[in-house]
**Student:** 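Here it is, the structure, as structure tokens.
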Amino acid sequence: MLSVRAISHQILSHEGGFSDDPDDPGNPTNLGITLAALRNAGRDLDGDGDIDRDDILRLTRAIAIEIFGEDYYRAPRIYFLPGALQSVVYDMQVNAGAQAIILLQRLLHDMGFDRAINGLNRLPRPLMALSVIGPFAFAMIDPVAFSARMTGLAAIPEPLWWLLGAVVSFYFGAREMYYAHIPDTPPQRSARRWWPFGQKGQSRKSRA
């Protein structure tokens, strides 16, 4: 897998130089960095106390790559994605901001990924039920081995049983509270419930 710096160089190779087209909502722009993105990054390149057109003109490839990596790769946590997806989503993040992750969320929702995750979340309860019923069958199949396992369980200190009970109770309690506070939403919004990467920094360029 390519490093984030190598991917950044590839993205930058497709970006143009300075432009200040009045029909471009992100103007002025240099090396794919808009003035708004440069301000969000806090890069006062000429040191005059403000970030304006002069700073865009001073932008170098090295600084552009730093901004790409910080604001469009690390801030939206694209590094959590599988390697095969990172370069594609990262490139779109630079060009489309938050729409890159929203598009991926919608795609995964349409593929049923969120339903699969919800199914996995439902496994603990039936597994716990089986773990209670299972020992009865085990005792009938192999009483000697069952007695040995019970002797081992009896050696576990009581405080550890209380701790296990507390962890299980808090898990299911927190899970139910989470679902209870989710309002009914359209599919494209419900797809965001499982998304672990956050939204921080992902729309800096899109806000230009």
**Student:** Can you tell if the side chain of Tyr73 reaches within under 4.5 Å of the side chain of Tyr79, non-hydrogen atoms only?
**Tutor:**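 Yes - at least one pair of side-chain heavy atoms lies under 4.5 Å apart.
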**Student:** So does Gly49 get a backbone contact from the side chain of Asp44, meaning a donor-acceptor N/O pair under 3.5 Å?
**Tutor:**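 Checked: pair present.
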**Student:** Where is the tightest heavy-atom contact between Asp71 and Ala41, given as atom of each residue plus distance?
**Tutor:** OD2-CB, 3.8 Å
**Student:** Examine distances only and state if a side-chain atom of Gln86 and a backbone atom of Leu81 form a donor-acceptor pair shorter than 3.5 Å.
**Tutor:**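 Between the backbone of Leu81 and the side chain of Gln86 there is a qualifying donor-acceptor contact (under 3.5 Å).
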**Student:** Would you say Leu160 ends up clustered with Met150 if hydrophobic residues are merged whenever their side chains have heavy atoms under 4.5 Å apart, either directly or through other cluster members?
**Tutor:** yes
**Student:** For the atom pair CD1 (Ile156) and CH2 (Trp161), what is the distance rounded to the nearest 0.5 Å?
**Tutor:**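 Separation between the atoms: 4.5 Å.
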**Student:** Rounded to the nearest 0.5 Å, how far apart are CD of Glu66 and CD1 of Ile33?
**Tutor:** 10.5 Å
**Student:** Enter the distance from Arg5:CZ to Leu12:CG here, rounded to the nearest 0.5 Å.
**Tutor:**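 One finds 10.5 Å between CZ of Arg5 and CG of Leu12.
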**Student:** Tell me the side chain to side chain donor-acceptor pair (under 3.5 Å) pairs involving residues 48-57, sequence neighbours left out?
**Tutor:** Asp20-Arg53
**Student:** Given 3.5 Å as the limit, does a donor-acceptor pair link the side chain of Asn40 with the main chain of Ala36, or not?
**Tutor:**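 Side chain of Asn40 to backbone of Ala36: a pair is present.
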**Student:** For Gly32, does its backbone N or O pair with a side-chain atom of Thr29 as donor and acceptor, under 3.5 Å?
**Tutor:**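 Checked: no pair found.
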**Student:** Would you check if Phe146 and Thr151 make a side-chain contact, meaning some heavy-atom pair closer than 4.5 Å?
**Tutor:** no
**Student:** Closest heavy-atom contact between Gly17 and Asn30?
**Tutor:** C-OD1, 3.2 Å
**Student:** With a 4.5 Å limit on heavy-atom distance, are the side chains of Leu59 and Leu45 in contact?
**Tutor:** yes
**Student:** Could you work out, with side chain to side chain contact (heavy atoms under 4.5 Å, CB included) as the rule, every residue matching Leu103, not counting sequence neighbours?
**Tutor:** Met92
**Student:** Leu153 and Phe138: same hydrophobic cluster, using ILVMFWY side-chain contacts below 4.5 Å?
**Tutor:** yes
**Student:** Mind checking the CZ-CD spacing from Phe68 to Gln10? Nearest 0.5 Å is all I need.
**Tutor:** 12.5 Å
**Student:** Short question: side chain of Tyr90, backbone of Gly69 - any donor-acceptor pair under 3.5 Å?
**Tutor:** yes
**Student:** Please give me the minimum heavy-atom distance between Ile101 and Gln93, naming the atom from each residue.
**Tutor:**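 Closest approach of Ile101 to Gln93, heavy atoms only: CG1-OE1, 3.8 Å.
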**Student:** If you take all heavy atoms of Ile56 and Pro28, which pair is closest and at what distance?
**Tutor:** CD1-O, 4.1 Å
**Student:** Where the side chain of Arg43 meets the backbone of Leu38, is there a donor-acceptor pair that is under 3.5 Å apart?
**Tutor:**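 Side chain of Arg43 to backbone of Leu38: no pair is present.
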**Student:** Does either side chain, that of Tyr72 or that of Ser8, offer a donor lying less than 3.5 Å from an acceptor on the other one?
**Tutor:**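 Side chains of Tyr72 and Ser8: no pair found under 3.5 Å.
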